[in-house]
Amino acid sequence: MKIQIEYFALLKEQRGASIETIETKAATPEILYSDLKRQYTFSLEPSALKVAVNEDFANWNHSLEDGDTVVFIPPVAGG
Amino acid sequence: MKIQIEYFALLKEQRGASIETIETKAATPEILYSDLKRQYTFSLEPSALKVAVNEDFANWNHSLEDGDTVVFIPPVAGG
Amino acid sequence: MQFQITDQEIKPESLRREILRDVSGAYVSFEGWVRNHNDGKPVNGLEYSSYIPLAEKEGMRILSEAKERYRIEAAACVHRIGSLKIGEIAVWVGVSAAHRDAAFDANRYIIDQTKARVPIWKREAYLDSPAEWVNCTDDTPG
Amino acid sequence: MQFQITDQEIKPESLRREILRDVSGAYVSFEGWVRNHNDGKPVNGLEYSSYIPLAEKEGMRILSEAKERYRIEAAACVHRIGSLKIGEIAVWVGVSAAHRDAAFDANRYIIDQTKARVPIWKREAYLDSPAEWVNCTDDTPG
């Protein structure tokens, strides 16, 4: 299935891109991040992240569907 | 001795004046207020008041001297 | 550090500018506005008076205490006297600090202590009943 | 109630005007400014970025929670993104309420929750060392 991924902050820097659409078999954000982490050598552990699917927070074991947009949220630092 | 008294808020209203100089034998603000309370039927008990002598807070048993300025401070309500 | 009693309109923007600091990361301001009601009674407006020399002295003591207790960079308080209408600012407190903990705590300290200690009096004018000196309950009948 | 991410300069005066209410007696504002140092390191300036749709959703949830928890009349929060210089406002929170307890507590709640939950990231540029994403410690060597 096709998944759109948006990258922010440190992830964007390490990926070298802010958005991409990939073809993946990853059933959940957990599996997806694990794949991406290996591929792009992301330094952030999943325990440091939150995940959003289609513009709202989601669980790591949320079932991904074709066309979903996924965002991994690095530790926030507003203010 | 001569004592100048300034009145504020409810005391000013009940006295009908904001400032006066009186001739008194009252040795302390405590005695002075007791005299004035009787004379002008002030409604406020001394326990509800603070007292200032010469522009700073003072004790009720402070020794008054000729020329002192005394202010009895009704319950404050700033803000 | 400045504590001022004024009979002029309070202008938060210019007061705020005076406590801006490069080292500060946090700014907290408090404004006390004249409400349109108090204890359920509709309020028309109110009048503040003050024993000014003592008020400014006591106010400066409060600001000094705040500076001793909390790690703040700058603090100021201005209280208005005279006749105020609904929505006008009666009191303004501004604090800047490196961190927000100190800015919030110091601001709260200054307004609480100012209300409790500074010789300022408030007379509220109501729509349907006689004006009253707030806090000065008249216990003596007659 | 309004929670907004903006790339424009934050102007406290006009934001403040939007939460004035006749029933309110207390107004508390918080401003987060860019400091000239952090953890002892001199800061040149910084850059904020945000995942805006989620940030504004989560921000509105925080404002709703504040309204449920505290007796407030109005609340708003604006967070800036993009490049900021020292002394510029990164975030503004304003709350009005009948009484100051609620105004202080709600304001504090909103800024604390915003910092903890809203997807906004800060990259600090230092004078003497490489820029860093605040909070994102990079544990992996290489």
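Below, each value reflects all heavy atoms present in this structure, side chains not excepted, and no hydrogens, waters or symmetry copies. None of the values given here were measured: they were computed from a predicted structure. Proteins get letters first, then strands, A, B, ... in listed order; numbering begins at 1 in each.
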| query | Relative to the ring of W121(C), is the ring of F8(B) parallel (under 30°), tilted (30 to 60°) or perpendicular (over 60°)? | reply | parallel
| Contact part of E58(C) toward chain B, heavy-atom cut-off under 4.5 Å: side chain, backbone, both or neither? | side chain
| task | Specify which of R123(C), E132(C), E31(C) makes the most heavy-atom pairs with chain B at under 4.5 Å. | result | R123(C)
| said: I'd like to know whether NZ of K11(C) has more than 12 heavy-atom contacts from other residues, nucleotides or ligands below 6.0 angstrom. | reply: no
| field | Heavy-atom proximity to chain C below 4.5 Å, by part of A9(B) | value | both
| field | R61(C) to F57(B) - nearest heavy-atom pair and separation | value | NH2-CD1, 4.2 Å
| field | Side chain, backbone, both or neither of K57(C) within contact of chain B (heavy atoms, under 4.5 Å) | value | side chain
| query | If only atom types and distance count, is the side chain of H79(C) paired as donor or acceptor with the main-chain N or O of G79(B) below 3.5 Å? | reply | yes
| Is a side-chain donor or acceptor of N135(C) paired with a backbone partner of V76(B) at a separation under 3.5 angstrom? | yes
| Is it the backbone or the side chain of Y51(C) that comes under 4.5 Å from a heavy atom of chain B, or both, or neither? | both
| note | From the list A55(C), G32(C), P119(C), A90(C), the residue making the most non-hydrogen contacts under 4.5 Å with chain B is P119(C)
| task | Report the residue from V71(B), D56(B), N54(B) that forms a side-chain contact (heavy atoms from CB on, under 4.5 Å) with L54(C). | result | D56(B)
| Spatial distance of atom CD (E56(C)) from atom CD (E55(B)) [nearest 0.5 Å] | 10.5 Å
